[in-house]
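Beneath this line is the structure, given in structure tokens, with notes to follow.
For clarity, every value in this text was computed on a predicted model and none was experimentally measured.
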Amino acid sequence: MRELLVDTCRTEDEAGANHTFAYYILVDQMELGDGFACESYGVKVVGEEGETACIPHITVSVTRIDALMELLRRNTVTPATLRDVVDDWL
């Protein structure tokens, strides 16, 4: 599996503390059977203190994973909320 760093975003919480998150697209092979495979894409979010969440094999569409990544970055999604956001997006 390859990880492609897309962006690093900084945000401030309600208490005024700063947080930084790194956003990655995961690129992997998904076996389809009978010797066929395709490239699949997922996402990963890493916080500055090492908290990490990743969801592989979300889509095989480059356009869809780009749209999801833009949503994650724009809303500064955290590792703790990544699963809920992706579930709602799907």
Side-chain angles (χ1 to χ4, degrees):
M1 180 180 313
R2 292 179 296 153
E3 297 179 355
L4 305 172
L5 177 63
V6 174
D7 199 4
T8 301
C9 299
R10 173 173 246 146
T11 189
E12 186 176 299
D13 66 18
E14 299 83 27
N18 288 318
H19 300 280
T20 302
F21 300 102
Y23 297 89
Y24 297 85
I25 290 179
L26 304 175
V27 182
D28 201 2
Q29 291 290 323
M30 185 167 52
E31 299 299 321
L32 301 175
D34 293 330
F36 294 102
C38 68
E39 212 167 52
S40 70
Y41 306 99
V43 293
K44 178 178 174 180
V45 179
V46 179
E48 63 196 345
E49 296 178 11
E51 63 275 21
T52 302
C54 62
I55 305 172
H57 306 296
I58 296 171
T59 183
V60 296
S61 168
V62 172
T63 304
R64 295 266 300 155
I65 203 65
D66 285 345
L68 175 59
M69 182 55 66
E70 179 58 29
L71 174 80
L72 299 178
R73 291 174 47 241
R74 185 176 59 243
N75 294 291
T76 321
V77 172
T78 68
T81 60
L82 179 63
R83 172 65 65 182
D84 291 334
V85 171
V86 171
D87 285 347
D88 289 345
W89 182 79
L90 289 172

Donor-acceptor pair, [X] side chain versus [Y] backbone, under 3.5 Å?
X: Ser61; Y: Thr59; answer: no
X: Asp34; Y: Phe36; answer: no
X: Tyr23; Y: Val77; answer: yes

Identify the two heavy atoms, one from [X] and one from [Y], that lie closest to each other, and give their separation to 0.1 Å.
X: Cys9; Y: Arg73; answer: SG-O, 4.1 Å
X: Gln29; Y: Ala37; answer: OE1-CB, 3.7 Å
X: Pro79; Y: Ala53; answer: O-CB, 3.3 Å
X: Cys38; Y: Val60; answer: SG-CG1, 3.6 Å

Can you check whether [X] reaches [Y] side chain to side chain, under 4.5 Å on heavy atoms?
X: Trp89; Y: Leu71; value: yes
X: Leu4; Y: Val27; value: yes
X: Val62; Y: Tyr41; value: yes
X: Val85; Y: Asn75; value: no
X: Leu82; Y: Thr78; value: no

With a 6.0 Å cut-off (strictly less than), is the heavy-atom count around CD of Glu49, excluding the residue itself, greater than 12?
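No, the 6.0 Å shell around CD holds no more than 12 heavy atoms from other groups.
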Separation of [Y] [atom2] from [X] [atom1] (nearest 0.5 Å):
X: Lys44; Y: Phe21; atom1: NZ; atom2: CZ; value: 14.5 Å
X: Glu70; Y: Asp7; atom1: CD; atom2: CG; value: 9.0 Å
X: Ile25; Y: Arg2; atom1: CD1; atom2: CZ; value: 10.5 Å

Transitive ILVMFWY side-chain link [X] to [Y], under 4.5 Å:
X: Tyr24; Y: Met69; result: no
X: Ile65; Y: Met1; result: no
X: Leu26; Y: Ile58; result: no

Between Glu39 and Asp28, does a side chain to side chain contact (heavy atoms under 4.5 Å, CB included) hold up when you go through it step by step?
CA-CA 6 Å; Glu39 212 167 52; Asp28 201 2; over 6 Å; no
Between Thr11 and His19, is any side-chain donor less than 3.5 angstrom from a side-chain acceptor?
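Side chains of Thr11 and His19: no pair found under 3.5 Å.
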